[in-house]
Amino acid sequence: MKLEELKAQIAEDLNIDPSLLTDDAGPGTIPEWDSMGALGIISVLDRNMKEGLSMEYTEPFKSFTAIAAFARQEGILTD
Amino acid sequence: MPSISRAALARGSHEDPSMQAVIEALEIHLPERIVTNRELAERLGKWTAEEIFRKTGMRERRFAARDECSSDLAIAAARKLIASGRLNPSGVDYVLFCTQSPDYFLPQTAPIIQDRLGLPRTCGSLDFNHGCAGFVAGLSIAKGLIASCQARCVLFLTGETYSKFINPKDGSVATLFGDAGSATVVRARDTNAPAGIGEFVFGSDGRGAKNLIVPAGALRKPRSEATAVEATDSDGNTRSENDLYMNGRDVFRFAIVEVPKTVKALLEKARQTPDDVDYLILHQANRYMLDQLAQRLPVPKEKIPYEFEDVGNTVSCSIPITLFRLQERGELRSGSRLVLMGFGVGYSWAACTLTWV
């Protein structure tokens, strides 16, 4: 999956325009990225992982950059 | 029909694999006080009533009165069974009570229930502290008591008053949870037909203990002036350590990881396919959780009932409430094949197959 595709899926889940998901975008800058929004982001990542998410602990995502880093680490992103 | 005699029961320890445990009757009870989204919206000042509904799928929930305990709610449910002739108190061999809000640290609540319901003094009794998986866990205990011929009629009660742990200024939990009680008669039935309470799959992961917890008030951290100090988190929710805390993100993650795997494992163990399942009854956490789980489960969404709009998340009472309402609406028939799955606090989870009789 390409970064823009992941961005589009997360933006759709948060019900925002994808252009708002800049690298620094996070819970502090996007009102829709609240506690419910955080669940949606987890759901999008889980859906795109072959084996689904694991139970290993991860810090809450504080920015879109952190989401992208996680997605690369888990093999979701190919670019 | 052959049956195990009281004398055989008294002998105790033999097992009878042909003895089935079936759910014979079920009742629920809700406290009177209704807490609406409008009331919460006015108090929290964070979301409108409609936004709360959109986020949770809940319009109202019931909160117990100040002097009303979980045992009162469970007993009220049991009294409905007695009043309608579906339960003869003198025939109960064992009473189980599942709650996370007991009357006292000690004594345990089940003997108090035995006395208040007029159950025999020869009746065994057991409390167990279990949350959202508690109803399925209790069915496993009841089935074990029956299969090992220790009991023929188990009265299994659940009762929860999470509202007493909730800080009214904490919207993350105040919008979700409601109080309730349930009473289920689990009885021995001598049959070789595949009926009643079937296979089980369980799970526990104590790494999640901190994610749904009342940190203070028991012996690890007794209540003190320090634990009563309130703080407001980054989402604007205010609570102290005496109050219920839920890390919704990690609990959600746990559920989407474990629930689909467990349902799959249960169906394999029971040698069933998704087509065999008439209803998959999940713990009624909230709408978002169930929507997300439904996308990941092998049965169609229309076979996954939602029963929380007017009661909220009632913890160990959510599955019996769902069963009761399906039955009331005539949607359960004799022979209906069900999968029940509870999951949550602990973390702990439990799933079972059940054929309705």
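Every chain is numbered from 1, with letters handed out A, B, ... down the list of sequences. Because the structure is a prediction, the values reported are computed rather than measured.
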In this structure, CZ of Phe252(B) is separated from CG of Asp46(A) (nearest 0.5 Å) by 7.5 Å
Residues at least two apart in sequence or cross-chain that pass side-chain hydrogen bond (donor to acceptor under 3.5 Å, both in side chains) with Ser316(B), listed by chain then number, are Glu160(B)
Per-residue tally against chain B (heavy atom, under 4.5 Å) across Gly52(A), Pro27(A), Ser54(A) peaks at Ser54(A)
Residue of the set Asp250(B), Ile256(B), Val257(B) for which side-chain contact (heavy atoms from CB on, under 4.5 Å) holds with Ile42(A):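 Of all the options given, the one that passes is Ile256(B).
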Okay, Asn237(B) and chain A: the region with an atom under 4.5 Å from a heavy atom over there is neither
Toward chain A: residues of residues 287-301 of chain B with heavy atoms under 4.5 Å: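 Residues in range: Tyr288(B), Gln292(B), Gln295(B), Arg296(B).
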[X], [atom1]: over 12 other non-hydrogen atoms inside 6.0 angstrom:
{"X": "Asp17(A)", "atom1": "CG", "answer": "yes"}
{"X": "Lys264(B)", "atom1": "NZ", "answer": "no"}
{"X": "Arg38(B)", "atom1": "CZ", "answer": "no"}

For Glu199(B), the salt bridge (Lys or Arg N to Asp or Glu O under 4.0 Å) test, sequence neighbours excluded, returns none
Contacts under 3.5 angstrom, residues 29-40 of chain A side chains, donor-acceptor by atom type, not counting sequence neighbours:
residue	atom	partner	partner atom	Å
Thr29(A)	OG1	Gly26(A)	N	2.9
Thr29(A)	OG1	Gly26(A)	O	3.2
Asp34(A)	OD1	Met36(A)	N	3.1
Asp34(A)	OD1	Gly37(A)	N	2.8
Asp34(A)	OD2	Lys55(B)	NZ	3.0

